[in-house]
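Worksheet: one structure, shown below.
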Amino acid sequence: MLTEKDGLPLTLYNYVFALRNKIVAATADGIYEYNAKKKKFEVSTFFRPIFKHIPIQCLVEDATGKLWFVSDKKVGVVDLKKKSGNQNFTIVELPELTQKIVAGFENIYPYNDNNIFIGANKGLIHLDYQKYAANIYKPNVLLGQVRIVGKIDSLLFGGYFNDTKNKKKYIAKLPYRFNSLHFEYASTLFEQRENIEYSFQLKGYEEDWSAWSSKSEKDYTNLAHGNYTFKVKARNNLGNESEPVSYSFTIAPAWYRSNLAYIIYFIGFIFLLYLIIKLQEKEHQKEQDNLRQKHQLEIERNEQQITKLQKKQLEADVEFKNKELATTTMHLVQRGKLLSKIGDELLPLVQQTTHKDTANDIKKVIRLLNEAKKLDNDWDQFAVHFDHVHANFLSNLKDKYPNLSPSDLKLCAYLKMNLSSKEIAQLLNITSRAVEVSRYRLRKKLGLKPEVNLFDFLFNKS
């Protein structure tokens, strides 16, 4: 009895076989080989890469060098002449025979590739491995159905196209709200269902194929708008891949990403740009108006300043001319007084003088004085100054009342200057009574009513 002293991992569950001119022991920890020199079992360098640590209950080599084995009621074969990936061998499992092997009575008799006999719980199973291998080397895949996730009666594709030559016309065009899809796929090799793996890719969403998996369905949620093609392929445990099958569909953009929406956005952008430009123009116009208003206010302020200065200058001129006019007027008054006084002083001398020639000379002087008082040489100069000061008062008065005499005009001028009757009498070389008579005649010529004051009339007259 082989035990742990012989190099085996356990005393139990050890099965001894003669393979490839070697004595091997199938244990619970893989295959061990007997080393005759050491007289002990060691881990098999040849079988360890193939079976690793799986327990083997039956191991048989056929005439072509293939190794048939049973491991925990699973039947398989190792083909050392076919490579699989980076391995120099291929392991093919027979899932149809799983759980059909009687534990403790595992037995396989490989007569040839067309006649493999396997002991089972219901008798002897005959296997034509040549035909079986022909099937497992050609896996296929079918797309079972495509549905919209979360929708009732949402089947888009039921597994086949009515017209396989015109598949393009079956491309589904989905609204954006149907952007979550469920795909189901499978292989028709039912007997190999446990060995079939699938890989898929959604072109337009994924750049690479997915990792291989036995899962036969896939969900995609919240897909963006665009064109998509779902592809799926299958492979068996030998690494043989099927031709991929595909299903194409299009998801329309959301309403806010549709062409109409972009047109509306463009129009809205143009309108907003127009509003911004108008607002800028309005702000610019407002600034221009403010600048113009400030400029206008500045001009008005300057004009007011100029007007004020001009007014002050005019007032100064008027004041100067008034002073000059008053001086001239007072000069005339003083001259009149002086002439009157001289005349008055000379009159007694005429009466007191006994010499006739002297009296005549004095009278002659008195006459000259009287004539001097009547001269109008100073009046012309006075009238010019007076019109300058009082805005052509005499000229306007003469134009409006052409029947006024020079004496009337003089009287009007003196009245406007607010001179008394006595001062006017001296200037005109007449008596105060004569002044009152002249005032009366002037009122008649001006057509004034009794209640109208002559001074107020002339004062308010421009």
Side-chain angles (χ1 to χ4, degrees), residues 15-27 30-31 33 44 46-52 54-142 186-198 212 214 216 233-243:
Y15 303 89
V16 180
F17 305 100
L19 294 174
R20 304 177 70 85
N21 298 321
K22 296 179 181 180
I23 297 174
V24 298
T27 71
I31 306 299
E33 289 183 10
S44 174
F46 178 79
F47 292 104
R48 175 64 62 142
I50 299 174
F51 296 106
K52 301 186 185 325
I54 64 173
I56 302 294
Q57 289 83 40
C58 178
L59 186 61
V60 181
E61 182 179 12
D62 64 12
T64 60
K66 293 191 290 295
L67 300 175
W68 294 84
F69 66 91
V70 176
S71 174
D72 293 335
K73 296 185 180 182
K74 294 180 181 180
V75 179
V77 59
V78 179
D79 191 341
L80 299 175
K81 296 180 180 180
K82 287 184 178 292
K83 293 184 178 181
S84 177
N86 57 356
Q87 296 177 340
N88 294 324
F89 57 88
T90 299
I91 298 178
V92 178
E93 293 184 358
L94 283 68
E96 301 88 348
L97 302 181
T98 302
Q99 301 298 328
K100 293 182 179 180
I101 305 301
V102 179
F105 298 93
E106 298 87 353
N107 193 5
I108 300 176
Y109 176 60
Y111 180 74
N112 55 36
D113 282 348
N114 299 106
N115 298 282
I116 308 295
F117 300 97
I118 302 171
N121 52 11
K122 292 185 179 180
L124 192 65
I125 295 176
H126 175 262
L127 172 65
D128 188 337
Y129 181 72
Q130 189 173 9
K131 291 183 179 180
Y132 184 85
N135 288 329
I136 65 174
Y137 286 125
K138 295 180 181 179
N140 67 340
V141 65
L142 295 175
S187 174
T188 57
L189 297 178
F190 178 76
E191 66 278 7
Q192 291 288 327
R193 65 186 183 277
E194 294 184 1
N195 296 329
I196 297 296
E197 294 180 325
Y198 304 95
W212 292 98
S214 59
S216 60
K233 58 185 178 180
R235 77 171 183 182
N236 58 15
N237 60 329
L238 301 179
N240 297 314
E241 297 182 9
S242 68
E243 292 294 327

Q.
Please identify which of these residues, Leu127, Ile101, Val75, meets the side chain to side chain contact (heavy atoms under 4.5 Å, CB included) condition with Ile108.
A. Val75

Q | Lys233 vs Trp212 side-chain heavy atoms within contact, under 4.5 Å | A | yes

Q.
If you define the side chain from C-beta out and look only at heavy atoms, does anything of Phe47 sit under 4.5 Å from Val24?
A. yes

Q: Check whether any side-chain heavy atom of Phe89 sits under 4.5 Å from a side-chain heavy atom of Asp79, and report yes or no.
A: no

**Q.** Stepwise side-chain contact (heavy atoms from CB on, under 4.5 Å) test for Val77 and Leu67
**A.** CA-CA 5 Å; Val77 59; Leu67 300 175; 6.0 Å; no

Q. So do Val60 and Asp62 actually touch side chain to side chain, heavy atoms under 4.5 Å?
A. no

Q | Partners meeting side-chain hydrogen bond (donor to acceptor under 3.5 Å, both in side chains) with Arg20 (sequence neighbours left out) | A | none

Q.
Evaluate Ile125 against Leu97 for side-chain contact (heavy atoms from CB on, under 4.5 Å), listing each step before the verdict.
A. CA-CA 9 Å; Ile125 295 176; Leu97 302 181; 3.6 Å; yes

Q.
Under the criterion side-chain contact (heavy atoms from CB on, under 4.5 Å), I'd like the reasoning laid out for Ile118 against Asn107: C-alpha separation, chi angles, the key distance, then a yes or no.
A. CA-CA 6 Å; Ile118 302 171; Asn107 193 5; over 6 Å; no

Q) Where the side chain of Ser71 meets the backbone of Lys74, is there a donor-acceptor pair that is under 3.5 Å apart? A) no

Q) Can you check whether Ile31 reaches Phe46 side chain to side chain, under 4.5 Å on heavy atoms? A) no

Q | From CG (Asn114) to CD (Gln130), nearest 0.5 Å | A | 4.5 Å

Q.
Quick check: do Val92 and Tyr129 have side-chain heavy atoms less than 4.5 Å from each other?
A. yes

Q) Is the backbone of Glu96 close enough, under 3.5 Å, to the side chain of Lys100 for a donor and an acceptor to pair up by distance? A) yes

Q. Does Ser187 reach the main-chain N or O of Asn140 with its side chain, forming a donor-acceptor pair under 3.5 Å?
A. yes

Q: Could you tell me which residues satisfy ring-ring contact (aromatic ring centres under 6.0 Å, His included) with Tyr198, sequence neighbours excluded, listed by chain and number?
A: Tyr185

Q.
Test of understanding: with ring-ring contact (aromatic ring centres under 6.0 Å, His included), list the residues that count as partners of Phe117, not counting sequence neighbours.
A. His126

(Q) Under a 3.5 Å distance rule, please check whether Ser44 uses its side chain to pair with a backbone N or O of Glu33 as donor and acceptor. (A) no

Q: Begin from the C-alpha positions of Val78 and Thr90 and carry the test side-chain contact (heavy atoms from CB on, under 4.5 Å) through to its verdict.
A: CA-CA 6 Å; Val78 179; Thr90 299; over 6 Å; no

Q: Please identify each residue that fulfils ring-ring contact (aromatic ring centres under 6.0 Å, His included) with Tyr15, with sequence neighbours left out.
A: none

Q. How would you list all residue pairs meeting salt bridge (Lys or Arg N to Asp or Glu O under 4.0 Å) that involve residues 102-129, not counting sequence neighbours?
A. Lys66-Asp113

Q: Flag the pair Pro55 / Thr27 as yes when at least one side-chain heavy-atom distance between them is below 4.5 Å, and no otherwise.
A: no

Q | By side chain to side chain contact (heavy atoms under 4.5 Å, CB included) - contacts of Gln99 (at least two apart) | A | Lys73

**Q.** Contact check, side chains of Ile23 and Val16, non-hydrogen atoms, under 4.5 Å
**A.** yes

Q | Closest heavy-atom pair and its distance - Pro139, Ser242 | A | O-CB, 3.2 Å

Q. Would you find more than 12 non-hydrogen atoms of other residues, nucleotides or ligands less than 6.0 Å from Leu80 atom CG?
A. yes

Q | Distance, nearest 0.5 Å, that separates CD1 of Ile116 from OH of Tyr111 | A | 11.5 Å

Q: Can you measure from CG (Leu59) to CZ (Phe69) and round to the nearest 0.5 angstrom?
A: 8.5 Å

